[in-house]
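Every chain is numbered from 1, with letters handed out A, B, ... down the list of sequences.
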2 protein chains.
Amino acid sequence: MASGFHSVAAQLDTAGAKLASLVLVVDDDPDMRSSLTDLFLSVGLDTRVFASTSEFLGYSLPDRPSCLVLDLRLPGSSGLQLQAVLGEQGVPIPIIFITGHADVLTSVRAMKAGALDFLPKPFRDQELLDAVNDALRRDAKRRVGDRELGKIRGLAEQLTPREIDVLRGVGRGLLSKQIAYELGISEITVKMHRSSAGRKLNAISVADMIRKIELLGL
Amino acid sequence: MASGFHSVAAQLDTAGAKLASLVLVVDDDPDMRSSLTDLFLSVGLDTRVFASTSEFLGYSLPDRPSCLVLDLRLPGSSGLQLQAVLGEQGVPIPIIFITGHADVLTSVRAMKAGALDFLPKPFRDQELLDAVNDALRRDAKRRVGDRELGKIRGLAEQLTPREIDVLRGVGRGLLSKQIAYELGISEITVKMHRSSAGRKLNAISVADMIRKIELLGL
DNA sequence: TGCGATCCCATACTTCGGTATGGGTTTGCT
DNA sequence: AGCAAACCCATACCGAAGTATGGGATCGCA
C-alpha cells in the first residue's frame, strides 16, 4: 500500500468500528424512537428501534457490540421485566434506562440488577451518547474475552472423558504417577492422555495448559 | 472437650462470627444514630456511629468484615464526597446509602460509583438489615481473597530481582533454556533462580507456581 | 461384520526440571 | 578489611515429562 493512504485507512477503520456497533432502542413513543434514531445515526451508530418488549424479544441479537436503550414504562411488560428476562436468559447486553416517570426505588432496583445507567427524561443528548459509548465499549471488551473462551471451549469438546480426568489432575498440580494411582491406571497411559489433551487444546507449554484448564473451570 | 459442649460451642461460634462483623454509621441526626445502633445491636451486630464524614475519616478501620451505612446529606462534605474519597484511597468497604432527600440523579450517581444499596427514608428495618447483611457477607468474602493474596505477596517480597525476571519467563511458558537466552545467562543459573524462587513462594508444583505468578501479576 | 473411537499397556529414548557439590565475582554495609 | 547478599557458572546425577513404536481390548454403529 502507498504510504499516502495511511491516514485514509485509519479513518475508514474508525468508521468501520462505529458501524460495527449497534444500539437497540425499546420505547413506546414514536417521536422518541425517531429522535433517538436520528441522534445515534448523527454520530454514525447503527440503530434498531422497537415499540415493545415483546417486539424486542422477537428480534435475534446479531453478533456485534451492542447495547440496549430501554424505556422503563412500557405497554405490556415493563423495562424492568425485560431486564429480568434478559438476565435469566443470560443475555449480557448492557442496558441504559431512560424514563419520564423516574422514582428512586425503581432506579435503584434497575441499577442493582446491573443496569449501566439510568437517565430521567429530559436528558441532554450528550449524556445519553456518553452512556451509550461507554456501554458499547464494555460490550466490545466483553466480547473479546468471550470469544477467547469460546475458542478454548471449542477445542475442549474434542477431549475424551478420560483426558478430562487426567487434566483435572494436572490442574491440581499432581504428577503423572499420582494421577495414575488415583485413576487406577498406569503412568504411561496417563502420559498418553496428557499429551493427547495438550495437543487438542493447542497448549504450547505447561503454563499455557494450566491457564486453559483454569479457564475451562476444571 | 466433653461432647455435651458441642452445641454450646456452636452457638458461641455463631455469636463470634456476628461479633466479628462491624457496622459503621455516618449520620448527622442523633436520633437516627441511636435508633440505628439499637437496631443493629438487637441483631447482634457491633456498631460504631459518626456524626460527620471528617469524624469518620479520623477513625481507622479495624481488620474486620464491615460495611458503611451512610447518610447522603451531611454537614460539611456529603456522603457522595465521602464515597469518592474512599474510592480514591482504595478503601473497598461496601456502602449503603440512606437519605431523607432522595432524588433519582443522586441515587444513580451513588450506585454507579459502586454503592451496594440506596434506601430513601423512611425504610423498613428489615430492608436495611438485609442490605447490611449482604454487604457484610460480601466484605467477608473479599477479605478471604485479599488475605490469600497478601500471604503470597509477603512471600514474593523475599524474591530477588533476578528471580522475578526468571519467574516472568516461567509464567510465559518459556523453557529454562529460552529464559537463559533472553537474559543472557546460562541455563543452569536460570534453574537455580527458578528453584530458589519456587522455594520462597512455597510452590509445591508447577501448576501452583504458575497460579501464584499470575496472582502476583507478573 | 468390520471399522473407528476410546481406552489400555510396555519398552526405549530424549529433554527438561530440579538438586547437589563446588566453585567464582561484584556490591554494599559494618 | 571483612562479611553477607546477590549474582554467576560448571559437572554430574535423578526423576519426571514427553515422544515413538508397537501392541491389545471393548463398544457402538454403519
What pairs of nitrogen or oxygen atoms, one from the protein and one from nucleotides 4-7 of chain C, lie under 3.5 Å apart?
from, atom 1, to, atom 2, distance (Å)
C:dC7, OP1, A:Arg162, N, 3.0
C:dC7, OP2, A:Thr160, OG1, 2.2

Between the protein and nucleotides 12-16 of chain C, list every N/O to N/O distance that falls short of 3.5 Å.
from, atom 1, to, atom 2, distance (Å)
C:dC16, OP1, B:Lys177, NZ, 3.3
C:dC16, OP2, B:Lys177, NZ, 3.4

Subject >> Heavy-atom check, side chain of A:Phe40 versus side chain of A:Leu129, under 4.5 Å >> reply: yes

Original post:
Using the C1' atoms of five pairs at each end, what's the angle between the two axes of the helix from C:dT1-D:dA30 to C:dT30-D:dA1, to 10 degrees?
Top reply: 30°

Original post:
Taking 4.0 angstrom as the limit, do B:Glu182 and B:Arg172 come out as a salt bridge?
Top reply: yes

Original post:
In whole Å, what is the span from the CG atom of B:Leu159 to the C1' atom of D:dA6?
Top reply: 13 Å

Subject >> Non-hydrogen side-chain atoms of B:Val49 and B:Leu36 separated by less than 4.5 Å >> reply: no

Subject >> Contact check, side chains of A:Leu45 and A:Leu136, non-hydrogen atoms, under 4.5 Å >> reply: yes

**OP:** Any chance you could lay out the side-chain contact (heavy atoms from CB on, under 4.5 Å) test for A:Leu167 and A:Leu201, step after step, and finish with the verdict?
**Re:** CA-CA 11 Å; A:Leu167 285 187; A:Leu201 288 182; 3.8 Å; yes

Show me the protein contacts with nucleotides 21-28 of chain C, counting only N or O atoms at under 3.5 Å.
none

**OP:** Could you tell me whether the side chain of B:Glu148 reaches within less than 4.5 Å of the side chain of B:Leu215, counting heavy atoms only?
**Re:** no

Subject >> Distance in angstrom units between B:Asp165 CG and D:dC7 P, rounded >> reply: 8 Å

**OP:** Look at the side-chain N and O atoms of B:Ser186 and state whether any lies under 4.0 Å from the OP1 or OP2 oxygen of D:dC9.
**Re:** yes

Subject >> Ion pair B:Arg143/B:Asp146, N-O distance below 4.0 Å >> reply: no

Original post:
Between atom CD1 in B:Ile204 and atom C1' in C:dG18, what is the gap in whole Å?
Top reply: 16 Å

**OP:** May I ask you to test the B:Val166-B:Thr189 pair for a side-chain heavy-atom distance under 4.5 Å?
**Re:** no

**OP:** With side-chain contact (heavy atoms from CB on, under 4.5 Å) as the test, would you mind laying out the steps for B:Leu216 and B:Ile164 before giving the verdict?
**Re:** CA-CA 11 Å; B:Leu216 289 168; B:Ile164 293 176; over 6 Å; no

**OP:** Can you spot which of B:Arg194, B:Lys191, B:Glu187 makes a side-chain hydrogen bond (donor to acceptor under 3.5 Å, both in side chains) with B:Ser176?
**Re:** B:Arg194

Original post:
Restricting to pairs with a member in residues 56-90 of chain A, which pass ring-ring contact (aromatic ring centres under 6.0 Å, His included), not counting sequence neighbours?
Top reply: A:Phe50-A:Phe56, A:Phe50-A:Tyr59

**OP:** For the residue pair B:Val43 and B:Asn133, establish whether any side-chain heavy-atom pair is separated by less than 4.5 Å.
**Re:** no

Original post:
Who pairs with B:Asp71 by side chain to side chain donor-acceptor pair (under 3.5 Å), at least two apart in sequence or on another chain?
Top reply: none

